[in-house]
Amino acid sequence: ILIRAMERIPWQMRKIIDFMLPLRFNAEELARMLPGTPAPWYEIGRKMERDKDLAGAELFYGRAAELASKALNPQPEFYTGLYRLYLRQNREMQAVQVLRRGIDKLPEYTQFRIWLGDYYLRRGIVYRAEQEYAKALTLDPGNSDILRRLARVRAQ
């Protein structure tokens, strides 16, 4: 019943998850109850992260990102949850891998390009940072934040 509800009324996902989690299912039990769509996995990852269960959050965010890579219309947050979690844990290389998967699936999503440019800039790979910022600017012309970043990189 829960799987059908998650598939048929995805706009109620948070309420369904809020109903499920107090029942104290473990991660394996939850995983068996979830459909093969990224939204419920992402929502449980968010809840686990808020509850400071970082291993659980990584598991559910990771599955959401994996399912998003196969979905027709994935949402950026299916990648950003895992990306931000990895950054908070100082796991930058894994965070960048998530960004690249997000860019592969959502090449028009500007923020992924900006974050990748920021990564290259932190690493001192200025020409790659410039490339990413320039690509972001083509996707969002006139974005003042991107313009500032690009000008800063070009001044180096």
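Every heavy atom of this structure was used, including side-chain atoms; hydrogens, water molecules and symmetry mates were not. The first residue of the sequence shown is numbered 1, and numbering continues consecutively from there. Bear in mind the structure is a predicted one, so any value in this text is a computation, not a measurement.
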| request: Mind checking side chain to side chain contact (heavy atoms under 4.5 Å, CB included) for A39 and listing every partner two or more places apart, or none if nothing turns up? | output: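 Checked A39 against side chain to side chain contact (heavy atoms under 4.5 Å, CB included); matches are M13, F78.
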| Where is the tightest heavy-atom contact between A27 and L59, given as atom of each residue plus distance? |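 Result for this residue pair: CB-CD2, 3.9 Å.
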| request: Return the minimal non-hydrogen interatomic distance between A68 and P74, and the atom names on each side. | output: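 Closest approach of A68 to P74, heavy atoms only: O-CB, 3.5 Å.
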| task | Scan for side chain to side chain donor-acceptor pair (under 3.5 Å) pairs involving residues 52-66, sequence neighbours excluded, and state none if there are none. | result |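 Residue pairs with at least one partner in residues 52-66: E49-Y61, E58-Y86, E58-R91, R63-E66.
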| salt bridge (charged side-chain N to carboxylate O under 4.0 Å, His left out) partners for K135, two or more places apart |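 By the salt bridge (charged side-chain N to carboxylate O under 4.0 Å, His left out) rule, K135 matches no residue at all.
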| message | I need the full list of salt bridge (charged side-chain N to carboxylate O under 4.0 Å, His left out) pairs touching residues 31-41, with sequence neighbours left out, sorted by first then second residue. | response |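 For residues 31-41, and leaving out neighbouring residues, the salt bridge (charged side-chain N to carboxylate O under 4.0 Å, His left out) pairs sorted by first residue read E28-R32.
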| field | Shared hydrophobic cluster for Y83 and Y42 (ILVMFWY, side-chain gaps under 4.5 Å) | value |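 Yes, because Y83 and Y42 connect within a single hydrophobic cluster, where side-chain heavy atoms sit under 4.5 Å apart.
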| query | Once the angle between the rings of F112 and Y109 is folded into 0 to 90°, is it parallel (under 30°), tilted (30 to 60°) or perpendicular (over 60°)? | reply |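 Taking Y109 first and then F112, their aromatic rings stand perpendicular (interplane angle over 60°).
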| Non-hydrogen atoms of R154 and A134 that approach each other most closely |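 Minimum heavy-atom contact is NH2-CB, 4.4 Å.
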| task | Using side chain to side chain contact (heavy atoms under 4.5 Å, CB included) as the criterion, list what pairs up with P35, not counting sequence neighbours. | result |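 Scan of P35 (side chain to side chain contact (heavy atoms under 4.5 Å, CB included), adjacent residues dropped) gives I3, M6, E7, T37, P40.
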| Pairwise distance CG(L85) to CE(M48) - rounded to 0.5 angstrom |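 One finds 12.0 Å between CG of L85 and CE of M48.
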| message | For a side chain to side chain contact (heavy atoms under 4.5 Å, CB included) check, start with the C-alpha distance between N26 and E29, then their side-chain angles and the critical distance, and finish with the verdict. | response | CA-CA 5 Å; N26 65 37; E29 291 168 328; 3.3 Å; yes
| message | Between E77 and R46 (salt bridge meaning N to carboxylate O under 4.0 Å), is one present in this structure? | response |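 The answer is no: the pair does not qualify as a salt bridge.
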| L87 CG to L82 CG distance, which is reported to the nearest 0.5 Å |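 Reported value, rounded in 0.5 Å steps: 10.0 Å.
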| Which residue pairs pass the ring pair (Phe, Tyr, Trp, His ring centres under 6.0 Å) test with at least one member in residues 126-154, sequence neighbours excluded? |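 Sorted result for residues 126-154: empty, none.
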| said: Just verifying a value: how many Å separate R149 CZ and L121 CG, rounded to the nearest 0.5 Å? | reply: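 One finds 9.0 Å between CZ of R149 and CG of L121.
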| task | Considering non-hydrogen atoms only, spot the tightest contact between Q75 and L106 and give its length. | result |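 For Q75 versus L106, the nearest heavy atoms are C-CD1, 4.1 Å.
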| said: Please enumerate all residues that pass side chain to side chain contact (heavy atoms under 4.5 Å, CB included) together with T110, with sequence neighbours excluded. | reply: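 For T110 the side chain to side chain contact (heavy atoms under 4.5 Å, CB included) partners, ignoring immediate neighbours, are I114, A136, L139, D140, I146.
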Give every donor-acceptor pair under 3.5 Å between a side-chain atom in residues 95-105 and any protein atom, sequence neighbours left out.
residue	atom	partner	partner atom	Å
R100	NH2	Y120	OH	2.8
K105	NZ	A71	O	2.6

| message | So, taking the atom named CG in L137 and the one named CG in D145, what distance separates them when rounded to the nearest 0.5 Å? | response |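 CG of D145 is found 10.5 Å from CG of L137.
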| task | Under the side chain to side chain donor-acceptor pair (under 3.5 Å) rule, collect the residues that match up with R50, sequence neighbours excluded. | result |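 Applying side chain to side chain donor-acceptor pair (under 3.5 Å) to R50 gives none.
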| Pairing residues for R84 by the salt bridge (charged side-chain N to carboxylate O under 4.0 Å, His left out) criterion, not counting sequence neighbours |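 R84 satisfies salt bridge (charged side-chain N to carboxylate O under 4.0 Å, His left out) with no residue once adjacent residues are dropped.
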| said: The criterion is ring pair (Phe, Tyr, Trp, His ring centres under 6.0 Å); which residues satisfy it with Y79, sequence neighbours excluded? | reply: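 Once residues adjacent in sequence are excluded, Y79 has no partner under the ring pair (Phe, Tyr, Trp, His ring centres under 6.0 Å) criterion.
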| task | Heavy atoms only: give me the nearest V153-A129 pair and the separation to one decimal. | result |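 Where V153 meets A129 most closely, the heavy atoms are CG2-CB, 4.4 Å.
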| query | Should W115 and L150 be counted in the same cluster of Ile, Leu, Val, Met, Phe, Trp and Tyr side chains packed under 4.5 Å apart? | reply |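 W115 and L150: separate clusters.
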| Just wondering, do R113 and L116 contact through their side chains at under 4.5 Å, heavy atoms? |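 No. Closest side-chain heavy atoms not under 4.5 Å.
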| field | Non-hydrogen side-chain atoms of E92 and R123 separated by less than 4.5 Å | value |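 Heavy-atom side-chain distance check passes, below 4.5 Å.
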| message | If the condition is side chain to side chain donor-acceptor pair (under 3.5 Å), which residues does Q131 pass it with, not counting sequence neighbours? | response |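 Q131 satisfies side chain to side chain donor-acceptor pair (under 3.5 Å) with R128 only.
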